[in-house]
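Okay, structure first, notes after.
In each ligand, atom 1 is the first atom listed, and ligand 1 is the first ligand listed. This one's a predicted model, so the numbers in the text were calculated from it and none came from an experiment. Sequential numbering from 1 along the given sequence is applied to the chain's residues.
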Amino acid sequence: MTNHDVMQQTDEFILGTYKRFPVALESGENATLKDFDGKTYIDFASGIGVCSLGCGNESWLSAITAQAKKLPHVSNLFYTEPAATAAKMLVERTGMQGVFFSNSGAEANEGAIKLARKYSFDKYGAGRNQIITLNHSFHGRTITTLAATGQDVFHNYFFPFTEGFVYAEPNDTASIKSACMSGTVCAVLMELIQGEGGVLPLDQAFVQEVAEFCQSRDILLLIDEVQTGVGRTGSLFCFQQYGITPDVVTFAKGIAAGLPFGGVLAAKSCASTLSAGTHATTFGGNPICAAGAVAVLSQLTPDFLAEVAQKGAYIRETIAGWNLPVVTSVRGLGLMIGVGVSCSHREAVGKLVESGLLALTAGADTIRLMPPLTITKAEIDAGLEILKQILSAY
Ligand SMILES: *Cc1c(COP(=O)(O)O)cnc(C)c1O
């Protein structure tokens, strides 16, 4: 098949929910991908932060293929070893108490929302069920996580949305406190770096104030690390750089390096809330995906994470050093990078893709860069060369 064949067949038979770039990718080696016509691309997108170990990582490949041969799936009615191992690694490295495994980010957030509402119901009875989220946030595409998402553009067509979400302003503690005045709030849900919203890092002081306020009112603090988690920002989870102890942390995207996997980590305060029969999923904790997660977590050593932070700093400093008129700001942490531009971000990313660099958009004016965590210096430099060439022409 050629690019054209794949694109034509896709457009004919797959519902048109996605505005895709005109490239059909066929294979890859670490952060260098190839399309069906043999053209190569440097990958600064990693499938929206999913391919954390790039393409063809040997220990990930052997872990998932070995597990697929041994036992692909058994359901959550029985015990399996990979899920137990992945859970132990996550709990021991976060200080949380336990984890529920899901298949995606939206499902992880659904689990966190259910947990928060039940925690409050068990302790205070019905009615204390509101959840505060932030403007410019993104929490998923299910009816409930769309409602949780603090952007009006997502609140269309699918009415009625789930009730009980209240929106507050990021980096404005007063806005959070006033949203809690009713006394009916059970949780605050937020990303520490708003990803889809534009790679907007929250202020550390704001996050710490919210954490203290929540704790003083027994309001659960739910941190959505679906995008920031699993090494992306240079620590295993981003909250570990913010000096807070959340009640709940959700994750997905990069956890199994390309397989659909995610979860909800719960602290001791609320680890027994989701008791037997209150929450479940058929695929969650699947042994192949869990084996992939173990392979990822095993590679995210302190040295590896320090390298992620260094690579990110190098990319941000290099871009800022070009002093290009079109670049309005360079933001982010680790390998989650936002480049604010004064031109159309969508048009610029289209040109990047055409020139052999896969990148993403975010917010209204940001080019988002999220390479595989394993990207090499040579791949980074090759990608930056293309970025410089395209952005210099504006
Ligand atoms: C991608 C994302 C989600 C949704 O994850 P899916 O796997 O697409 O359901 C939720 N929250 C954040 C912060 C995300 O970046």
Side-chain angles (χ1 to χ4, degrees), residues 17-20 45-52 100-116 131-151 153-155 158 161-162 165 167 170 187-202 207 221-233 237-239 242 246 248-265 281 283-286 289 292-293 296 331-338 359-363 366 368-371 373:
T17 60
Y18 300 106
K19 202 161 139 195
R20 301 176 202 267
S46 63
I48 321 189
V50 166
C51 300
S52 43
F100 173 89
F101 286 124
S102 69
N103 314 289
S104 69
E107 277 178 88
N109 287 336
E110 289 267 348
I113 290 162
K114 285 177 72 176
L115 185 155
I131 295 174
I132 295 175
T133 64
L134 299 181
N135 292 327
H136 317 298
S137 60
F138 180 80
H139 298 295
R141 292 285 194 157
T142 62
I143 295 278
T144 294
T145 55
L146 278 175
T149 293
Q151 302 185 51
V153 291
F154 288 100
H155 302 156
F158 311 115
F161 288 96
T162 306
F165 292 94
Y167 312 105
V188 173
L189 166 64
M190 59 192 192
E191 304 155 85
L192 295 173
I193 303 174
Q194 297 184 314
E196 302 300 314
V199 193
L200 309 167
L202 296 184
V207 172
L221 180 60
L222 322 175
I223 301 295
D224 178 348
E225 294 236 27
V226 170
Q227 193 158 155
T228 53
V230 199
R232 177 54 54 188
T233 66
F237 284 94
C238 190
F239 82 81
Y242 270 81
V248 171
V249 176
T250 59
F251 58 93
K253 291 194 164 85
I255 181 66
L259 298 176
F261 206 50
V264 187
L265 279 157
T281 162
F283 284 111
N286 167 273
C289 300
V296 170
R331 305 180 297 272
L333 212 51
L335 287 171
M336 179 169 177
I337 297 165
L360 303 159
T361 60
T366 297
R368 182 173 31 152
L369 309 177
M370 297 212 294
L373 306 180

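The two residues Phe161 and Ile143 make their nearest non-hydrogen contact at CD2-O, 3.6 Å.
Listed by chain and number, the residues in a ring pair (Phe, Tyr, Trp, His ring centres under 6.0 Å) with Phe154 are Phe138 (sequence neighbours excluded). Take Tyr167 and apply the ring pair (Phe, Tyr, Trp, His ring centres under 6.0 Å) test, not counting sequence neighbours, and it matches His155. Under the rule for a side chain to side chain contact (heavy atoms under 4.5 Å, CB included), the partners of Cys238 that lie at least two apart in sequence or sit in another chain are Leu192, Ile193, Glu225, Thr228, Thr233, Tyr242, Leu333.
Between the side chain of Thr144 and the main chain of Thr162, no donor-acceptor pair closer than 3.5 Å is present.
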(request) Start with the C-alpha distance between Leu189 and Asp224, add both sets of side-chain angles, then the distance that settles side-chain contact (heavy atoms from CB on, under 4.5 Å), and finish with yes or no. (result) CA-CA 7 Å; Leu189 166 64; Asp224 178 348; 4.1 Å; yes
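The 4.0 Å heavy-atom shell around ligand 1 contains residues Ser104, Gly105, Ala106, Asn109, Phe138, His139, Gly140, Glu191, Asp224, Val226, Gln227, Lys253, ordered by chain and number.
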